[in-house]
Each structure stands twice: as structure tokens, then as C-alpha cells.
Engineer: 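The structure follows.
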Amino acid sequence: MSDIEALRSAYLTRIADAADAPALEEVRLAALGKKGEISGKMKELGKMSPEERQTTGAALNRVRDEIDAALRARREGLENAALDARLAAEWLDVTLPGRPRRQGSIHPVSQVMEEVTEIFADMGFAVAEGPQVESDWFNFDALNIPPEHPARQEHDTFFMARAEGDDRPPHVLRTHTSPVQVRAMLDQGAPVRVIAPGRVYRMDMDQTHTPMFHQVEGMAIGKDISMANLKWTLEEFCRAFFEVDNVELRFRASHFPFTEPSAEVDIRCSWEGGKLTIGEGESWLEILGSGMMHPKVLRAGGIDPDQWQGFAFGMGIDRIAMLKYGIPDLRAFFESDLRWLRHYGFAAGDVPSVSGGLSR
């Protein structure tokens with residue numbers, strides 16, 4: 001038996017006897033690696049005569065290919081054996097029910113914002129947006145809020161710091177979304193009909209107040225807008241939002257710098273058994289503020305109050321969400337408690353619409 005044939009036989013035997021992948025890899029390196037025996041003999045071909053090189057080279061190539069094929073076959077056999085052993089040791093009962101995965105839910109504030117937007121959109125109101133960090137002029141001056149008003153004090157409003165030596169009035173975290181109304185008037189002119197939902201900020205914290213909360217404010221400006229239009233709009237909104245047929249609102253004279261006349265709006269309700277029922281009973285619940293837009297606010301928005309007039313209103317989105325869905329504490333809205341959200345949250349498919357229903 002020649003040396004090449006003996007080499008072939010020895011390695012084929014070692015391949016057949018390899019018990020696992022690491023042992024098979026050792027055989028491969030010993031035979032075909034850079035420092036393996038077959039590779040070493042290939043390097044010796046240069047020292048041979050042309051006739052010997054032709055004969056020996058062909059034999060070495062055949063042996064190398066045969067060993068490589070044997071290695072592949074043995075590797076596949078070991079992998080199949082390992083898989084069979086794993087399948088015998090592990091098993092899966094495909095008749096067991098699947099493990100449910102928790103689904104995400106929509107926050108009540110987001111859902112109520114969508115409900116409010118849907119209702120007012122059906123009445124022809126567009127949605128307007130503005131910055132949360134506002135200038136002193138948009139947040140106060142343009143809304144006829146005088147310098148001595150409590151809202152312009154540090155105990156009521158978050159003021160942004162100015163650089164040393166900068167004497168301009170500081171910017172503020174907006175205390176209401178009313179500045180968006182002024183921006184809408186400046187951008188669109190009259191007539192205009194918009195709502196402005198969004199975050200607002202005030203220095204307040206208790207069971208029914210938080211430093212950050214959500215409001216929606218609206219306005220409609222036209223030639224013949226009156227308090228009657230305001231009353232109808234708010235009645236239609238409450239009827240749709242609370243999903244009741246009977247709605248009775250009470251307008252109480254009040255004062256807001258940006259409206260004249262101004263009115264607080266209450267809705268008839270009952271508290272029998274600790275449960276709030278809208279539209280019946282002998283109690284009244286304040287839900288929003290409203291009024292006819294002050295001439296100075298119209299002028300600040302670039303609109304002539306001698307030619308145009310309009311109404312405005314504002315309400316807390318978190319507050320009306322609490323009333324509609326029976327949520328007792330406003331602070332829970334912002335605590336990121338998943339148990340609370342799973343209880344009060346909405347499924348992603350519960351998209352509110354006037355025709356299909358606002359809440360399900």
C-alpha cells in the first residue's frame with residue numbers, strides 16, 4: 001500500500017470514529033488544515049519531477065476530495081443524530097392553548113381628545129395648534145390679561161429664565177390654549193371656527209389639579225355670531241359627548257378678561273348612590289367657561305370688532321374624562337400605572353366617530 005493510500009485509509013477511519021463535532025474538526029485540521037498532512041504533501045510536489053508531480057498530484061487531489069466528502073457526510077450525520085436526541089428529550093404539546101399577550105391600550109386623555117375633536121369637526125370646527133412655550137404677549141397681553149392679574153404672578157405660572165441682562169418679558173409655559181386662538185386669527189382672519197386642544201401648565205397640585213393638564217378651547221367668529229350660537233354649540237357638544245338625549249345647561253354670569261359678557265356653564269346632573277348621571281336630577285355641575293370674545297382680543301388677532309364678533313369657550317379634557325368615565329382622582333392620569341391604564345384604557349380599535357359611537 002502506498003503512503004497516499006495509507007493516509008487515505010487512516011483518515012477515513014478517524015472520520016468514521018469521530019464521536020462529535022469537535023472531534024471531527026480535529027480530524028479535518030489534521031488532514032486538510034494549513035499544517036495538515038495532505039497540505040504538507042501538496043507542498044512537496046514542487047520538488048518532484050514533472051512525471052512524478054503529475055501522478056502524485058492527481059492522487060493527492062483524489063484523496064483530498066474523498067476526505068472532504070467524508071467529513072461533510074459525517075458532520076451531517078452528527079447533526080441529524082443531535083437533532084434526533086433533542087427531539088426525543090424535548091417535546092411540545094401542540095394541543096395546549098396559546099399564551100395570551102397583553103395588548104396595549106389608549107390613554108383616556110388621548111381617547112377623549114379624539115372624541116372632542118370628532119364632535120366639533122362634525123360642527124365645522126378645524127383643529128389649530130400652537131407652541132407650549134409661549135411669549136408673554138400671546139399668553140397674556142393679546143388676551144386682555146392686565147399686568148396685575150394673579151395669573152401673571154410666579155405662584156400661578158411657570159416662567160422661563162432669561163439670560164442675565166435680557167430685560168424682555170420672559171416666555172412662559174402656556175397657562176391655557178387661548179394663545180392658539182389669537183394665532184389662528186392672525187393666520188386665517190375672519191370668519192374662522194377652530195378648537196385648540198393641548199397641554200397647559202399651572203402651579204397647582206391636588207386631587208383635581210395637576211401642574212400639567214389638558215384643555216380644549218374653541219372659538220367661532222362671524223358677522224352674526226351671538227350667545228345663542230354659543231348655547232346651541234355647547235348643548236350639542238354635551239349631548240354628543242355624554243351620550244344622553246336630555247341636556248340642560250345653566251349659564252351663570254362670570255368674568256374672564258378675554259370675553260365680555262362671560263359665563264360659567266353648569267350641566268344638570270344627579271349624584272344618587274354616589275354615581276354621577278348627566279341630564280337629570282336636581283344638582284348642577286360646572287364644566288366649562290365661555291363668553292363673547294372681547295373686542296380687545298379681536299383687535300389683537302387683527303380682526304375689526306366693529307365688523308366681526310364671536311364666541312369662545314374652554315374646558316379641561318382631563319376633567320370631562322373624569323366625569324364621563326367615573327375616574328375619581330386626576331393625579332392617576334399621570335402616574336403611569338399600567339393597572340390603572342388597563343382598567344380605564346381603550347382598545348386601539350375603539351376609534352370614536354359621531355355615526356359609529358364615541359365610546360364602546
Side-chain angles (χ1 to χ4, degrees), residues 108-109 112-113 115-116 119-120 123 143 145 149-151 156 174-178 181 195-220 227-294 311-333 358-359:
V109 167
V112 170
M113 274 194 179
E115 294 178 10
V116 170
I119 295 169
F120 282 112
M123 290 190 279
L143 296 166
I145 299 176
H149 195 279
D156 260 22
R174 66 183 183 188
T175 58
H176 41 198
T177 56
S178 299
Q181 298 179 13
I195 60 168
R199 294 187 182 93
V200 297
Y201 306 84
R202 294 181 190 173
M203 298 278 283
D204 212 346
M205 181 66 175
D206 57 39
Q207 187 173 0
T208 57
H209 299 85
T210 58
M212 185 278 289
F213 55 101
H214 302 83
Q215 274 190 342
V216 58
E217 302 192 18
M219 71 170 180
M227 286 288 288
N229 301 120
L230 171 64
K231 184 175 185 293
W232 178 88
T233 299
L234 295 179
E235 285 178 346
E236 288 300 304
F237 167 77
C238 291
R239 185 175 292 110
F241 180 76
F242 292 108
E243 299 177 84
V244 295
D245 293 329
N246 298 319
V247 169
E248 185 177 351
L249 299 182
R250 181 176 68 180
F251 286 69
R252 290 181 290 107
S254 185
H255 170 72
F256 303 114
F258 27 81
T259 53
E260 181 60 38
S262 303
E264 298 276 7
V265 180
D266 305 331
I267 190 168
R268 184 181 289 279
C269 64
S270 68
W271 292 95
E272 293 184 7
K275 179 182 178 182
L276 173 66
T277 303
I278 299 293
E280 59 184 52
E282 301 301 322
S283 299
W284 295 91
L285 180 67
E286 179 187 330
I287 57 170
L288 58 90
S290 65
M292 298 300 292
M293 297 187 70
H294 198 288
F311 65 72
F313 58 86
M315 68 189 85
I317 290 177
D318 317 276
R319 176 170 171 76
I320 62 174
M322 292 172 68
L323 296 177
K324 181 173 181 177
Y325 295 110
I327 302 172
D329 194 328
L330 178 65
R331 292 168 293 190
F333 279 79
L358 295 175
S359 58

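Computed over heavy atoms, backbone and side chain alike; hydrogens, waters and symmetry mates excluded.
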Engineer: To the closest 0.5 Å, what do you measure between CZ (Arg319) and CG (Leu288)?
Structural biologist: 9.5 Å
Engineer: Report the C-alpha distance between Val216 and Thr177 in whole Å, list the side-chain angles of each, state the deciding distance to 0.1 Å, and finish with yes or no for side-chain contact (heavy atoms from CB on, under 4.5 Å).
Structural biologist: CA-CA 7 Å; Val216 58; Thr177 56; over 6 Å; no
Engineer: Nearest 0.5 Å please: distance from the CD1 atom of Ile287 over to the CG atom of Asp266.
Structural biologist: 8.0 Å
Engineer: Around atom CD of Glu272, are there more than 12 heavy atoms from other residues, nucleotides or ligands closer than 6.0 Å?
Structural biologist: no
Engineer: Keeping Arg199 on the side-chain end and Arg174 on the backbone end, is there a donor-acceptor pair under 3.5 Å?
Structural biologist: no
Engineer: Please work out whether the ring planes of Phe237 and Phe120 are parallel, tilted or perpendicular, with thresholds of 30° and 60°.
Structural biologist: parallel
Engineer: Do Ile267 and Trp284 come within less than 4.5 Å of each other through their side chains, counting heavy atoms only?
Structural biologist: no
Engineer: Run Ser283 and Ser270 through side-chain contact (heavy atoms from CB on, under 4.5 Å) and show every step you take.
Structural biologist: CA-CA 5 Å; Ser283 299; Ser270 68; 5.8 Å; no
Engineer: Going by side-chain contact (heavy atoms from CB on, under 4.5 Å), name the residues that satisfy it together with Ala321, two or more places apart in sequence or in a different chain.
Structural biologist: Val112, Phe333
Engineer: Side-chain contact test, heavy atoms from C-beta onward, threshold under 4.5 Å: evaluate it for Thr259 versus Met292 and give yes or no.
Structural biologist: no
Engineer: Taking the side chain as every heavy atom from C-beta outward, state whether Phe311 and Met227 have any atom pair closer than 4.5 Å.
Structural biologist: no
Engineer: Kindly say whether Gly279 contributes a backbone atom to a donor-acceptor pair with the side chain of Asn246 at under 3.5 angstrom?
Structural biologist: no
Engineer: Do Val116 and Pro197 touch side chain to side chain, with heavy atoms closer than 4.5 Å?
Structural biologist: no
Engineer: Once salt bridge (Lys or Arg N to Asp or Glu O under 4.0 Å) is applied, do any residues pair with Glu217, and if so which ones, sequence neighbours excluded?
Structural biologist: none
Engineer: side-chain contact (heavy atoms from CB on, under 4.5 Å) for Phe256 and His294? Distances and angles first, verdict last.
Structural biologist: CA-CA 9 Å; Phe256 303 114; His294 198 288; over 6 Å; no
Engineer: Is the closest side-chain heavy-atom distance between Val200 and Thr175 below 4.5 Å?
Structural biologist: no
Engineer: Between Glu260 and Met293, is the side-chain contact (heavy atoms from CB on, under 4.5 Å) condition met? List the steps.
Structural biologist: CA-CA 6 Å; Glu260 181 60 38; Met293 297 187 70; over 6 Å; no
Engineer: Under 3.5 Å, which donor-acceptor pairs link side chains of residues 228-235 to any protein atom two or more places apart or in another chain?
Structural biologist:
residue, atom, partner, partner atom, Å
Asn229, OD1, Ser226, N, 2.8
Asn229, OD1, Ser226, OG, 3.3
Lys231, NZ, Glu235, OE2, 2.4
Thr233, OG1, Asn229, O, 2.8

Engineer: Nearest 0.5 Å, please: how far is CD1 in Ile327 from CG in Asp318?
Structural biologist: 9.0 Å
Engineer: Using side-chain heavy atoms (C-beta onward) and a distance below 4.5 Å, is Met315 in contact with Phe241?
Structural biologist: no
